[in-house]
Amino acid sequence: MPDAPSLERVSAQTAAARLRQQSGSYAETYEHSRSAPDEFWLQQADRVDWITPPTLSSPSQADQPGTDQGCWFADGTMNMSANVLDRHVAAGRGSNPALITDSAMTGEQNVLTYAELLERVSTFAGGLQELGVSAGDRVLIYLPMISEAVVAMLACARIGAVHSVVFGGFAANELAVRINDATPSVIVTATGGLEPTRQVEYLPIVHQAIGLSSGSVRHVIVKDRPQIPGDITEYATGTASGGSLDVAWLDWDELETGARAAAPVEMRSQDPLYILYTSGTTGSPKGVVRDTGGYAVALQWAMTNIYAVGHDSTIFTASDVGWVVGHSFIVYGPLLAGAATVLYEGKPIGTPDAGAFWRIIQEHSVDVLYTAPTALRAIRREDPTLDELEKYDTSSLQAIYLAGERLDTETWHWANDGIRVPIVDHWWQTETGWPICANPRGLQQLESKAGSTGVPMPGFIPRILDREGNDVTQPGTEGNIAIQLPLPPGGLIGLWGSAERFANSYLTEFPGYYATGDAGYFDDDGYLFVMGRTDDVINVAGHRLSTGSFEEVISQHPDVAECAVLGLHDELKGQRAAAFITMKHGRNRVESDLAIELVALVREVIGPVAAFRDVMVVERLPKTRSGKILRKTIRQIFDGEDVRIPPTIEDVTVLDAIYTAAGRTRAL
Ligand code: COA
Ligand code: AMP
């Protein structure tokens, strides 16, 4: 068993020395996972329930993830929903709280115990089965932060259906792209979500998306929220514009009332549990496919050893079920651990104030808070002296975990000094499913260093490679962060529908490695510092977005000749998308009018989550002689960095307008 979590602050010198001496339990555990991966992971696999326990552990062909030879625990079978629900009830924990819903938007709170959640999940799963959904079928979930989101996910897992949750901040077009790729037969949705300034009606969005898609959807199940009116009959009868009688619109409550409880279906370890779309370098999102057994084993390990969360804990992960953080650390991880998990509908500030998180911690006795750095920056901006924190009893809180984007050192210091619990920055991606680097508090609390995301977790062997793929890993040398294959259990097993795209996106750039798309370096103590992306992905308020998708939308405008979208530094959201455009010849549009149209277009096609506001019209875009737009140079000028103008620039004077707009002057 791991050591009990130590909560004392470990002094920098002693922790670093301990790590170097390789005597702590982190070092031993990590070394075990490297030297005897099969033994290590089979031991961890014992901590979840299998129908057929695996005898095989690591993939026999590490460079072929997604195939039977490339997967973990190849001969094991299990059911994920039985692991997160039935086994806790069977162990006598049926009356423990499982799902705590807290809506700052409606003021409502509710607690479902493990037994109650099991009943709701089994019944809804039965309802899905009655609609003909069976193992391997896809179900798209487009729901706000209400209990039904968790119920729908776990119901799919129960019957072996593959869920694909789409974040509510995406517009109809993005939803349609995901429908076309995953070809779900069922969509589960609600009448809408609640944002601080408006109600977001989901039904017109779903209806429009189905109209834009190629026709796989047969049923739409709608949870009626009393706060948001929505009449399914106009869609059910095909009277809504573009409505179709081929798609049946059903009421969630009616479906649940009439259904018979479904038993868990036996699934192979490598069977897909879900598809989760994330941004890549091109405009079309990548459908990351997660397996069942490997994910269960990895999350079980992470809950105990990284988060120190067990049966008696309550974890509040302030994210959305539409992101991987929501999948792993609102839903599957906490429930695998038998903990209580808080599902929060609201914001860190403004609902009603910067004390929202502290209220939740007090009211639900939260042990662990997990959020994005943006949320802390937002709280800091509103309440720099943490007066709101003093109004609540947050003594239950043991630690705060942050991920999703770089945690700037100022915010780290502010939080560390003011909130008085360990602040754990940790780094991972939709693709990996759980943290690559962290401070494994549950195992051994190591020193935390501002700016670093901690040390590698078992099974992850990150290396620093130069552009040619040479391993240049040594303290202080920055380069591409790549992870030796195989990825540990829990890592993606493919991209939905395209083995070739999977290989091209992650495996071919550095043979033998998984390319993370991030750059960074290790320090002398083996701590990793993640500095940013090497591709065209930007990170806005912890939301991963592709500049390519903005460019695709903006280029559609009839007045736009060329455009370059890049991520500029933003005090609150880390980055924000900014578009630099040239107008077509002869279009003498007022720049501000054109900007308003482009902002509206992006919102309509991608959705409000893009948070797009910045447009700059220029005469010409700076380019190399071979025609490549100098995005990095533009970004450096705007972000106030030292600018390295590439010698291959076609015409250096084109930069002058950009310098002027950024309030700088080009050095001659
Ligand atoms: N459904 C519909 N619209 C949504 C939405 C959802 N689920 N989530 C966000 N939006 C909308 C917002 O209403 C906003 O629309 P607006 O332009 O009409 O105001 C837009 O998308 C941008 O939202 P957001 O990024 O939340 O910005 P904000 O200015 O409203 O709030 C913060 C700022 C810092 C409070 C907010 O960004 C935040 O909570 N950040 C933490 C993010 C986070 O937890 N990320 C986790 C990823 S792991
Ligand atoms: P997502 O797949 O949406 O979770 O985004 C993953 C990306 O977010 C990573 O590839 C990083 O670029 C960034 N990221 C996540 N966590 C961190 C972190 N702790 N520090 C720096 N960047 C991070």
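Remember, it's 1-based here, ligands and their atoms both numbered in the order they're listed. Excluded from the calculations below are hydrogen atoms, water molecules and symmetry mates; all remaining heavy atoms, backbone and side chain alike, are included.
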A.B. asks: Give the residue and atom name of whichever protein heavy atom lies nearest to atom 18 (O) of ligand 1, and the separation in Å to one decimal.
C.D. replies: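 Protein heavy atom with the smallest distance to atom 18 (O) of ligand 1: Arg603 NH2, 2.8 Å.
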
A.B. asks: Residue-level breakdown please: for Asp425 versus ligand 2, do any non-hydrogen atoms fall below 4.0 Å on the side chain, on the backbone, on both, or on neither?
C.D. replies: side chain

A.B. asks: Check whether any protein heavy atom sits under 4.0 Å from atom 12 (C) of ligand 1.
C.D. replies: yes

A.B. asks: Look at atom CZ of Arg198 and say whether more than 12 heavy atoms of other residues, nucleotides or ligands are closer to it than 6.0 Å.
C.D. replies: yes

A.B. asks: For ligand 2, which is the ligand I care about here, please tell me if His426 has any N or O atom under 3.5 Å from one of the ligand's N or O atoms.
C.D. replies: yes

A.B. asks: N/O to N/O below 3.5 Å, does that happen between Thr516 and ligand 2?
C.D. replies: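 No: no nitrogen or oxygen of Thr516 is under 3.5 Å from one in ligand 2.
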
A.B. asks: Could you report the tightest heavy-atom contact between Pro144 and Gly193, atom names first, then the distance?
C.D. replies: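 Shortest heavy-atom separation between Pro144 and Gly193 comes out as CB-CA, 3.8 Å.
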
A.B. asks: Below 3.5 Å, N or O to N or O, backbone or side chain included: is there any such pair between Thr371 and ligand 1?
C.D. replies: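 Thr371 vs ligand 1: no N/O contact under 3.5 Å.
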
A.B. asks: Taking atom 32 (C) of ligand 1 as the reference point, report whether a protein heavy atom occurs under 4.0 Å from it.
C.D. replies: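 It does not; no protein heavy atom is within 4.0 Å.
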
A.B. asks: Counting only nitrogen or oxygen atoms and a 3.5 angstrom limit, does Phe167 reach ligand 1?
C.D. replies: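 Checking ligand 1 against Phe167, no N or O pair falls under 3.5 Å apart.
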
A.B. asks: Please report whether atom 16 (P) of ligand 1 has a protein non-hydrogen atom at a separation of less than 4.0 Å.
C.D. replies: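 True for atom 16 (P) of ligand 1.
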
A.B. asks: Less than 3.5 Å between some nitrogen or oxygen of Lys573 and one of ligand 1, yes or no?
C.D. replies: yes

A.B. asks: Does an N or O from Glu195, backbone or side chain, lie closer than 3.5 Å to an N or O of ligand 1?
C.D. replies: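 Glu195 vs ligand 1: N/O contact under 3.5 Å present.
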
A.B. asks: Are any of the N/O atoms on Glu431, whether in the backbone or the side chain, positioned under 3.5 angstrom from an N/O atom of ligand 2?
C.D. replies: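 For ligand 2, there is no N or O atom that lies under 3.5 Å from one belonging to Glu431.
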
A.B. asks: What heavy-atom pair brings Ala354 and Asp383 nearest, and what distance separates the two atoms?
C.D. replies: CB-CB, 3.9 Å

A.B. asks: When you measure from atom 12 (O) of ligand 2 to every protein heavy atom, which one gives the shortest distance, and what is it?
C.D. replies: Asp518 OD1, 2.6 Å

